[in-house]
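Notes for the one structure printed next.
All residue numbers in this chain count up from 1 along the given sequence.
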Amino acid sequence: MTLDTRIESSSPYLEFVRISKSFPGVLALDDVSFSVKSGSVRALVGENGAGKSTLLKVLSGVYRPSGGCLRINGVEQAFANTSTSLAAGVSVIYQELVTVPKLSVAENLFLGHLPCKHGVVDYPHLYEAARAALASLADDVDPRVPLGRLSIGQQQMIEIAKALTRGARVLAFDEPTSSLSAREIEKLFTVIRRLRDEGHTILYVSHRMEEIFQICDSVTVFKDGRHIETFDTMEGLTQDILINRMVGRDIKNVYNYSTRKYGDVSLEVRDITGPGIRKPISIKLRCGEILGLFGLVGAGRTELLRLIYGATRRTGGEIFLQGQPAKVETPRDAIDKGIVYCSENRKAEGIIPLGSVQENINISARRRYGHRFGVINETWERRNAKEQVRALDVRTPSLEQKMCNLSGGNQQKVILARWLSDQMNVILFDEPTRGIDVGARSEIYALIRSLAERGVAILMVSSDLPEVLGVSDRVAVMRDGTLSGIVERESATEQKLLSMALPV
């Protein structure tokens, strides 16, 4: 297919015309119609499960629509697969990048259309072409190095360059900043603005409201698979208005913080050291307290949680529970002592993706309550799963639903249900609302508060400053593998926490 690169800015360049997509028992997209002009950045917003990701998969050729059609530059398209979508000038850059880490940057850039000479790859030509492609995006990257050695931000730039080498005129970004540092985010936004000014049509999916208002020119709102409203301009639009359209209700205070009484010290970490920690760290955490752990990417926050949990071996220090020394060398030791961990990487470390909701809820507690003489107690497991799904309002068609089919917010609820089914005294949260929409965030915060009110001690890592300030009773700040200080809620401000987190 020959790509027509002529762009008529006065008319829509990308049109979704009555797009529907159904799966067995689910209508994921319901008669969706809207259009986007060239030279603009359109935000797609909505709660998890609203249909945004499904729409991007229709656009990229992963899914064929059950009804309706796409038009690009006035020409109706029917993408049978991703290859036909790419040929039409469409590229979707997903949150989880599709790369081959062991191949070089240049090979990843031109994968599928490598320059050849006499039947073999022409590497001098390849590297020259790669340098030209990277000149305005990542000119500090050596095209000969393996892609896996680069940061996530650099890899994302390679994905953008790859799309441009294929002639992409429509670029869609799906949660592009979820794993980026502040500096990498600013670099990405600079690139997106330049692409917009060059006439590209850009779709931007994000749950971060501040990003929507910073980078986008217009917004399309989805709910329950339907197009609710499109705001053609950001003028006069506020976060409150946008959230109301997304969730169908006002969220005046998404955090809804309230004070509570704390008990005795539940967890004490004394002079702990290990990979990612440059100086010994000591922290005390009381029953019913929420201690936020803030820091920039690479500060050592996740590394500290993994050392406490036993997922990474400590090189020094001790852990005390209720004032008594506790041997926590492995995650099994931690779980047996009531220390549980919710990883930021839910798909890889938090869930069994192809396992059912029921199995994911009971997988830990069955050794205590649902397992007798080597046989799983199906009656107990089903009753417990039903109770937890009802108590946490997990939205699932059935207990047999595969976890990979749930939204991020509901996956997080299932992980919490797992630990609520078992003995839990301390919970370690790592980015508990990563990739979760504002409506589901409000529910997660309510669950975190209810855990604290029950006396559970909570240590919560977050790179979202408003979240840290909105949820925490105190905030510990890390910088470059060290603890730079702990701030009481009353005196914590964004400026103060950032100044403590930034390199000296």
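Look at Lys162 and Glu159 and you find a salt bridge, because one of the NZ, NE, NH1 or NH2 atoms lies within 4.0 Å of a carboxylate O, short of that distance.
Gln155 contributes a side-chain N or O that, together with a main-chain N or O of Leu150, makes up a donor-acceptor pair within less than 3.5 Å. At distances below 3.5 Å, at least one donor-acceptor pair connects side-chain atoms of Arg479 with backbone N or O atoms of Met500. Listed for the Thr302 side chain is no donor-acceptor partner under 3.5 Å among the backbone atoms of Asp430. Proximity of a side-chain donor or acceptor of Gln154 to a complementary backbone N or O of Ser151 within less than 3.5 Å is detected. Side chain of Lys52 to main chain of Gly46: a donor-acceptor pair is present (N/O by atom type, distance under 3.5 Å, no hydrogens or angles).
Contact annotation: the side chain of Pro146 never approaches that of Lys102 to less than 4.5 Å [non-hydrogen atoms, C-beta and beyond]. Taking 4.5 Å as the limit, every side-chain heavy atom of Val90 sits out of range of all side-chain heavy atoms of Leu14. Looking at Tyr204 and Cys216, their side chains come closer than 4.5 Å, going by heavy atoms from C-beta outward. By the 4.5 Å heavy-atom criterion applied to side chains, Met403 and Leu406 are counted as neighbours. Between Ile228 and Phe222, the closest side-chain pair of non-hydrogen atoms is not below 4.5 Å. Residues Val58 and Leu29 are in side-chain contact: their nearest non-hydrogen atoms beyond the backbone lie under 4.5 Å apart.
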Please report, to 0.1 Å, the donor-acceptor pairs under 3.5 Å made by any side chain of residues 115-127, with sequence neighbours excluded.
residue : atom : partner : partner atom : Å
Asp122  : OD1  : His125  : N            : 3.4
Tyr123  : OH   : Glu107  : OE2          : 2.9

Side-chain atoms of residues 63-72: list all donor-acceptor pairs with protein atoms under 3.5 Å, sequence neighbours left out, distances to 0.1 Å.
residue : atom : partner : partner atom : Å
Ser66   : OG   : Ser22   : N            : 3.0
Ser66   : OG   : Ser22   : OG           : 3.4

Which donor-acceptor pairs under 3.5 Å do the side chains of residues 462-472 make with protein atoms, sequence neighbours left out?
residue : atom : partner : partner atom : Å
Ser462  : OG   : Asp464  : N            : 3.1
Ser462  : OG   : Glu467  : OE1          : 2.6
Ser463  : OG   : Glu431  : OE2          : 2.9
Asp464  : OD1  : Glu467  : N            : 3.4
Asp464  : OD2  : Arg441  : NH1          : 3.1
Glu467  : OE2  : Thr433  : OG1          : 2.4
Glu467  : OE2  : Tyr445  : OH           : 2.4
Ser472  : OG   : Gly292  : N            : 3.4
Ser472  : OG   : Val468  : O            : 2.8

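Contacts of Lys21 classified as side chain to side chain donor-acceptor pair (under 3.5 Å), with partners at least two apart in sequence or in another chain: none. Asp232 pairs by the side chain to side chain donor-acceptor pair (under 3.5 Å) definition with nothing, not counting sequence neighbours. With sequence neighbours excluded, no residue forms a side chain to side chain donor-acceptor pair (under 3.5 Å) with Arg193. With sequence neighbours excluded, the residues forming a salt bridge (charged side-chain N to carboxylate O under 4.0 Å, His left out) with Arg278 are Asp480, listed by chain and number. Asn360 pairs by the side chain to side chain donor-acceptor pair (under 3.5 Å) definition with Arg418, not counting sequence neighbours. Listed by chain and residue number, Leu103, Asn108, Leu111 satisfy the side chain to side chain contact (heavy atoms under 4.5 Å, CB included) test with Val100 (two or more places apart in sequence, or in another chain). Not counting sequence neighbours, Phe231 has no partner by the ring-ring contact (aromatic ring centres under 6.0 Å, His included) test. Annotation: ring-ring contact (aromatic ring centres under 6.0 Å, His included) contacts of Tyr341 (sequence neighbours excluded): Tyr309.
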**Audit row: Val205, Phe173, side chain to side chain contact (heavy atoms under 4.5 Å, CB included) steps and yes/no** = CA-CA 6 Å; Val205 175; Phe173 294 87; over 6 Å; no
**Request:** Please report the C-alpha distance between Arg18 and Ser33 in whole Å, then the side-chain angles of each, then the deciding distance to 0.1 Å, and finally whether the side-chain hydrogen bond (donor to acceptor under 3.5 Å, both in side chains) criterion is met.
**Result:** CA-CA 5 Å; Arg18 307 198 68 176; Ser33 296; 5.4 Å; no
**Residue pair Leu109, Leu134: steps toward the side chain to side chain contact (heavy atoms under 4.5 Å, CB included) verdict** = CA-CA 9 Å; Leu109 268 176; Leu134 296 173; 3.9 Å; yes
**Prompt:** Do His113 and Thr165 pass the side chain to side chain contact (heavy atoms under 4.5 Å, CB included) test, and can you show the C-alpha distance, the side-chain angles, and the key distance before you say yes or no?
**Reply:** CA-CA 10 Å; His113 58 124; Thr165 65; 4.1 Å; yes
**Message:** Please determine whether side chain to side chain contact (heavy atoms under 4.5 Å, CB included) holds for the pair Leu459 and Phe429, giving the CA-CA distance in whole Å, both sets of side-chain angles, and the decisive distance to 0.1 Å.
**Reply:** CA-CA 6 Å; Leu459 180 57; Phe429 278 113; over 6 Å; no
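Atoms CD and CD1, on Gln412 and Ile415 in that order, are 5.0 Å from each other to the nearest 0.5 Å. Distance check: Leu498 CG to Lys496 NZ gives 13.0 Å after rounding to the nearest 0.5 Å. Note that the NE2 atom of His207 and the CD1 atom of Ile212 stand 10.0 Å from one another [nearest 0.5 Å]. Going from atom CG of Leu164 over to atom NE2 of His200 covers 5.0 Å, rounded to the nearest 0.5 Å. For the atom pair Ile192 CD1 and Lys187 NZ, the distance stands at 12.0 Å (nearest 0.5 Å). With rounding to the nearest 0.5 Å, the separation of CG in Asp174 from OG in Ser53 is 4.5 Å.
Minimum heavy-atom separation, Ala501 to Gly295: CB-CA, 4.3 Å. Nearest approach of Leu188 to Pro176, heavy atoms of both residues: CD2-CB, 3.8 Å. The two residues Tyr13 and Val170 have their closest heavy-atom pair at CE2-CG2, 3.6 Å.
The side-chain contact (heavy atoms from CB on, under 4.5 Å) test with Ser40 is passed by exactly one of Leu203, Ile202, Asp217: Asp217.
A donor-acceptor contact closer than 3.5 angstrom links the side chains of Thr220 and Thr230. Side-chain contact of Tyr94 with Glu175: a donor-acceptor pair under 3.5 Å is absent, judged by distance alone. For the residue pair Ser91 / Arg166, no side-chain donor-acceptor distance below 3.5 Å is found, with atom types taken as modelled.
Residue pairs meeting the side chain to side chain donor-acceptor pair (under 3.5 Å) criterion with at least one member in residues 392-401, sequence neighbours excluded: Arg382-Glu400, Asp393-Arg395, Arg395-Glu443, Gln401-Asn405.
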